[in-house]
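FYI, the numbering just counts along the sequence from 1. Read the numbers this way: they start at 1 and go in the same order the structure lists the ligands and their atoms.
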Amino acid sequence: MATKLFDKILIANRGEIACRVIKTCRKLGIKTVAVYSDADDGALHMRMADEAVHIGPAPAAESYLVIEKIVDACKKTGAQAVHPGYGFLSENRKFAAALKDAGIAFIGPNPDAIYAMGDKIESKKLAQKAGVSTVPGYLGAIASTEEAIKIATEIGFPVMIKASAGGGGKGMRIAHSKEEVAQGFSSATNEAKNSFGDDRVFIEKYIEQPRHIEIQVLGDKHGNVIYLGERECSIQRRHQKVIEEAPSPFLDEATRKAMGEQAVALAKTVNYDSAGTVEFIVGGKDRKFYFLEMNTRLQVEHPVTELITGIDLVEQMIRVAAGEKLSIKQEDVKLNGWAIEARIYAEDPLRGFLPSTGRLVRWRTAPESDVIRNDTGVVEGSEISMFYDPMISKLCSYGETRDEAVATLSAALDETWIAGIGHNVNFLSAVLDHPRFRAGNISTNFIAEEWPNGYSGTVLPEEQQTAMLAVAALLHIRNEHRARHLGGKLGLPDWTPGTDWVAVLNKTEYPLTVVEADGGFDVKVKKGKTLKVRSAWKPGEPFFRGTVNGRNVVARVAQRPDGLRIVHGGAELDIAVRTPRAAELARLMPEKLPPDMSKFLLCPMPGLVVSINVSEGEPVKAGQALAVVEAMKMENVLRAERDGTVKKINAKKGDSLAVDQVILEFA
Ligand code: ADP
């Protein structure tokens, strides 16, 4: 039982997952080696490790993805094992084999299991053999458009066209008709060829109102495999996970058991000997489940499983890689309570979720505790570069019930303050607070259905907005009080605020009646009921923490030139609190208009110009591609918002542009 674990482990990764693996190594008394590229010199994972080895320039293809460099770093430092994290080399059979050849343990499954599960067509065939339920469809590479149409018609619409080598949501198309199959077949084939160098695509039934539910499995080198319950990952944007939870609000005990047992059966067919995830799609109507694919690595969203099972998956991976037998039996696995993870990304939801790069000038969130876990790889002052994925943190909450976990995470997002770069925190709050999400009534289409035209900011329900007006009254009166004290009018009697105030939000005036009370104020908004606002908030503090009518409220507070900015529940409210007389004067002031930028095409994020697709004097139609800008490895096509004529072009191919830099002007 007491196999000797490793003395030193190298983590072939970066960012939050490298930091997370290091934490478990420390707990186990194992020394750690980090690897880092030029862009990560000084990064958190490098500083947390006992040793760090430089492995080359910023592009991953020249550093984190170079097998020989990782093997050399192991040899140089005497690391006996490698944890690959996720992404990069984690599912690369050649890497696992190269380590084996060098006598270094790979903390992941055997290379044959990686290979067998690396291909969607082949893994589906294996799944069928193992008695796992798979999505109805055609299990083979499709040669022509005609064949694609024939097969799709046989399966019955809608269908999903998928790249066999696919991953990260690439090379996937839904088709509802023959025409869409023809289109989807060629675009999925092209995307697959470009992204994976493998253009094989296959077709399966598109499952309606799909929910993505996956099973965590864990195996050892002695033939034991168990399952650790499920995670629901239906909150997705373009087939990419955004919010995950465990358990799933949708599964009953019988379905959970059936899925778990099938996942174990599949894992056993490839002698699975590490942590892995078997992904299923579950029909929202009939609860039928179908195997999608198996990921032969630690999954991004593994923390939610750890929170409800109390099992450290990285520790288990290390133990089984060292040859230990699993000490946990299936009947020992108990799912306690509820956990939710929100992925905080450096991206700008207001600009179509374009990636955002730059310095994290501020990065604060709720402190870690029994109910909050923050897996992050960056600190205030870190640079989010264009070279890697834009993850800032995986913020997780725990609760005895789903409602509790949601409320805790929602409050933690209210306590999150990120500045310097774009981020999706407000969008995550909007999802968590959405009535459909609260009811657990979700599918992978949730985001597309609820924000069909993209996200343009969050509007609070009226009751919450009124509460924020009352909070603003407290903030403003305390600010005024302090300003008068600092004014040095010593000897004068203390300033007593009047009872009548006006809060202005979105050009609407809300008359307030404010009466001082013990620990705060009683605020009556218009003719509504009185709100009791209580807080120890002092001027200058970046967060309001207190209660409104006894309910806990956290909000971020910033002083703006003409009022307060309050961020709460994903909404950014600019509220000015004025005396009735000041409000009257403000009404008489002429309004300043922002400059009209509609005649310019601005660069929406820092990036590199890949192409300018129009020329000066050219008439353009709404929707026409004007330019392509690359950032964080993604090509973003910038399109004309309306018909017009190009007057002047200010950028050329190869230019590196800042955000809001003018690319071209319209006549
Ligand atoms: P990738 O490997 O690119 O992540 P997956 O096969 O895991 O691709 O699928 C990703 C997502 O696409 C799923 O979570 C689900 O939202 C959607 N999806 C995939 N296959 C189907 C299907 N047959 N029916 C409905 N949705 C699907």
- Query: Under 6.0 Å from the six-membered ring centre of F437 and within 45° of its axis: does the NZ or CZ of R402 meet both?
  - Reply: yes

- Message: Tell me the protein heavy atom at minimum distance from atom 24 (N) of ligand 1, and give that distance in Å.
- Response: I207 N, 2.9 Å

- Query: Which atoms of ligand 1 sit under 4.0 Å from any heavy atom of E279?
  - Reply: 7 (O)

- Query: Among side-chain atoms of R231 and T277, is any donor-acceptor pair under 3.5 angstrom?
  - Reply: yes

- Looking only at protein heavy atoms, what sits closest to atom 21 (C) of ligand 1 is M160 SD, 3.6 Å

- Within 45 degrees of the axis of the six-membered ring of F250 and under 6.0 Å from its centre: does R287 put its NZ or CZ there? yes

- Judged by heavy atoms only, the candidate from M172, H239, Q209 nearest atom 9 (O) of ligand 1 is M172

- Message: Under the criterion salt bridge (charged side-chain N to carboxylate O under 4.0 Å, His left out), I'd like the reasoning laid out for K150 against E147: C-alpha separation, chi angles, the key distance, then a yes or no.
- Response: CA-CA 5 Å; K150 183 169 161 278; E147 196 189 350; over 6 Å; no

- So, does E208 sit close enough to ligand 1 that a heavy atom of it is under 4.0 Å from the ligand? no

- Query: What is the nearest protein non-hydrogen atom to atom 3 (O) of ligand 1, stated with its residue, atom name and distance?
  - Reply: G169 N, 2.6 Å

- Interfacing atoms of ligand 1 (cut-off 4.0 Å, heavy-atom, Y206): 24 (N), 25 (C), 26 (N)

- Any residue meeting ring-ring contact (aromatic ring centres under 6.0 Å, His included) with F291, in chain and number order, not counting sequence neighbours: none

- Atom indices of ligand 1, in the order listed, that fall short of 4.0 Å to a heavy atom of T444: 16 (O)

- Item | Other residues, nucleotides, ligands: >12 heavy atoms within 6.0 Å of Y115 OH | no

- among protein heavy atoms, the one nearest atom 1 (P) of ligand 1 is K120 NZ, 3.5 Å

- Does F446 have R436 sitting over its ring (NZ/CZ under 6.0 Å from centre, angle to axis within 45°)? no

- Query: Is any side-chain heavy atom of C396 less than 4.5 Å from a side-chain heavy atom of L307?
  - Reply: yes

- Using a strict 4.0 Å cut-off to heavy atoms of K162, name the atoms of ligand 1 that fall inside it. 6 (O), 19 (C), 20 (N)

- Note on the structure: Closest to atom 7 (O) of ligand 1 by heavy-atom distance, out of K170, E293, R211, K205, is E293

- Query: If we only count N/O pairs under 3.5 Å, is G168 in contact with ligand 1?
  - Reply: yes

- Considering only the protein, which heavy-atom contact is closest to atom 15 (C) of ligand 1, and what is its distance? I281 CD1, 3.5 Å

- Query: Does one side chain, of D40 or Y64, offer a donor that lies under 3.5 Å from an acceptor on the other?
  - Reply: yes

- Item | Nearest protein heavy atom with distance in Å, relative to atom 14 (O) of ligand 1 | H212 ND1, 2.6 Å

- Min side-chain heavy-atom separation V320-K221 under 4.5 Å: no

- What is the closest protein heavy atom to atom 16 (O) of ligand 1, and at what distance does it sit? Q236 OE1, 2.8 Å

